[in-house]
Every structure is written in C-alpha cells, then in structure tokens.
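Here, residue 1 is the first one in the sequence, and each next residue gets the next number.
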Amino acid sequence: MAMTHLPAPKEVKDLLGGLLDKPIALKPGPPFAVSPLYPASIATFVDDSLVVRAVVAFDLPLSAFLGSALALVPPAQAQAAIEEAKLAPAMSEALHEVFNVVGSLFNVGDSPHLRLYQATPAGEPLAADARSRTQILGRREDLVVEITGYGTGRIAIVLC
C-alpha cells in the first residue's frame with residue numbers, strides 16, 4: 001500500500017496563503033499536546049476504505065485566526081474567541097472549509113486519496129480517538145504559523 005504524503009512546510013504555506021490571500025510565515029515548532037488545558041481544532045482524514053490516515057490539529061489561536069481571516073471577521077473578534085476558548089459560529093464554519101481544503105495537501109502522486117471525515121472546532125467535545133491521534137510521534141510536521149494582521153498559532157499534521 002502506498003504511503004500517505006506528508007506535506008512539506010512550503011506546501012502548507014502556499015495553500016494557506018493562497019486560501020486566505022494573506023502573507024503567511026511558517027517555522028518549525030515543537031509538537032503540542034491537545035488537552036483541556038491546550039484546546040485545538042482537529043480534523044480526521046480517511047482513505048477510500050474509511051481508514052484514518054491523517055489528522056490535522058490547529059491550536060486554539062490558529063483556529064481563531066484562520067477561521068476569522070477566511071470569514072473576514074476582525075482580528076479583535078478572533079482574540080475574543082481565544083479568551084473565551086470557543087469559536088464563534090462563523091469562525092467554525094470557515095475553519096471547516098480550511099480543513100476541507102487542507103485535505104488536498106495529502107492527494108499527490110500515487111499517495112492514497114484522502115478526504116475530510118470529521119472536523120471538530122476548538123471548544124467542542126472531541127471524538128474519543130481524535131486527541132490521542134495527535135500524540136503520535138513519527139511521520140508528522142509541527143509548524144508555527146503567523147497570519148499577517150491576525151496572529152500566530154500552531155499546526156500539527158500527523159500521519160497515522
């Protein structure tokens with residue numbers, strides 16, 4: 001079976017920058033542990049057999065900034081969502097679209113075709129296995145993302 005493609009930082013930067021039409025800065029970051037004390041939005045991606053092949057986690061700040069930037073919500077409202085540890089409905093809806101587009105990063109060459117299966121915004125209850133999948137070490141990419149005009153957060157792309 002072919003291996004799932006692990007997107008390079010440049011692929012992530014180009015995708016997010018193009019989606020948001022804003023300058024994006026990326027740098028490597030340490031893995032982060034999703035927990036009640038460090039909430040995150042998590043998306044699960046499956047292959048055609050519904051086998052989970054990847055998860056993507058955006059920490060709470062990045063979730064708020066991505067959702068706000070795409071929905072054209074002012075940065076002040078993103079900051080308020082971070083302080084409340086819950087995304088506004090417009091942010092959550094836009095973030096779901098970001099996750100859907102992020103799925104395209106996995107679909108290159110002869111890698112298995114993945115699609116978004118489930119996305120849970122920060123502040124909502126997580127599926128039982130979603131948090132634990134973000135803890136997998138090995139084939140993963142952990143990045144610090146800065147969205148010009150909004151702020152900085154973290155992303156974890158984890159292959160299962």
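- The closest side-chain heavy-atom distance from D142 to R154 is not below 4.5 Å.
- The local environment of CZ in F32 is crowded, with over 12 non-hydrogen atoms from other residues, nucleotides or ligands closer than 6.0 Å.
- In this structure, the side chain of S49 does not engage the main chain of V51 through any donor-acceptor pair within 3.5 Å.
- A distance of 9.5 Å separates CD1 in I82 from CG in L62, rounded to the nearest 0.5 Å.
- Rounded to the nearest 0.5 Å, atoms CG (D59) and CD1 (I42) are 11.0 Å apart.
- Closest heavy-atom contact between V144 and G29: CG2-CA, 3.9 Å.
- Side-chain contact between V52 and Y117 is absent, with no heavy atoms from C-beta onward closer than 4.5 Å.
- Aromatic ring centroids of F65 and F58 lie 6.0 Å or more apart.
- Both L60 and V102 are assigned to one and the same hydrophobic cluster, defined by single-linkage of ILVMFWY side chains at heavy-atom distances under 4.5 Å.
- Note: K22 NZ to E146 CD = 12.5 Å, rounded to the nearest 0.5 Å.
- Taking CD1 from I147 and CG from L16, the interatomic distance works out to 7.0 Å, rounded to the nearest 0.5 Å.
- Under a hydrophobic clustering in which Ile, Leu, Val, Met, Phe, Trp and Tyr are joined whenever their side-chain heavy atoms come within less than 4.5 Å, directly or via other members, V98 and I155 fall into the same cluster.
- Here E141 contributes atom CD and L159 contributes atom CG; the two are 9.5 Å apart, rounded to the nearest 0.5 Å.
- Between L20 and A69, the shortest heavy-atom distance links the atoms CD2-CB, 4.0 Å.
- Contact detail for A64 and A81: the closest heavy-atom pair is CB-CB, 4.4 Å.
- Closest of all the heavy-atom pairs between L95 and S41 is CD2-OG, 3.2 Å.
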Which donor-acceptor pairs under 3.5 Å do the side chains of residues 3-13 make with protein atoms, sequence neighbours left out?
residue: T4; atom: OG1; partner: R53; partner atom: NE; Å: 3.2
residue: T4; atom: OG1; partner: R53; partner atom: NH2; Å: 3.2
residue: H5; atom: NE2; partner: E11; partner atom: OE1; Å: 3.1
residue: H5; atom: NE2; partner: E11; partner atom: OE2; Å: 3.1
residue: K10; atom: NZ; partner: D14; partner atom: OD1; Å: 3.4
residue: K10; atom: NZ; partner: D14; partner atom: OD2; Å: 2.6
residue: E11; atom: OE1; partner: A8; partner atom: N; Å: 2.6

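- V46 and L116 sit in two unconnected hydrophobic clusters of ILVMFWY residues. Membership requires side-chain heavy atoms under 4.5 Å apart, directly or through other members.
- For residues 77-100, the side chain to side chain donor-acceptor pair (under 3.5 Å) pairs, not counting sequence neighbours, are K86-E124.
- Under the 4.5 Å side-chain heavy-atom criterion for grouping Ile, Leu, Val, Met, Phe, Trp and Tyr, F99 is connected to L143 within one hydrophobic cluster.
- With Y150 as the fixed residue, the side chain to side chain contact (heavy atoms under 4.5 Å, CB included) test singles out one of P61, P74, P75: P75.
- Side-chain contact between R139 and I157: absent, with no pair of heavy atoms (C-beta onward) separated by less than 4.5 Å.
- Taken together through direct or relayed side-chain contacts under 4.5 Å among Ile, Leu, Val, Met, Phe, Trp and Tyr, M91 and L70 form part of one hydrophobic cluster.
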Given F106 and V56, is the side-chain contact (heavy atoms from CB on, under 4.5 Å) satisfied, shown in steps? CA-CA 11 Å; F106 302 112; V56 175; 3.9 Å; yes
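- Judged by distance alone, the side chain of T148 and the main-chain N or O of P23 form a donor-acceptor pair under 3.5 Å.
- The OG1 atom of T134 sits 11.0 Å away from atom OH of Y38, with the distance rounded to the nearest 0.5 Å.
- Between P121 and L87, the shortest heavy-atom contact is CB-CD1, 3.9 Å.
- Residue D129 comes nearest to S132 through the heavy atom pair O-OG, 2.9 Å, listed as atom of the first residue, atom of the second, then distance.
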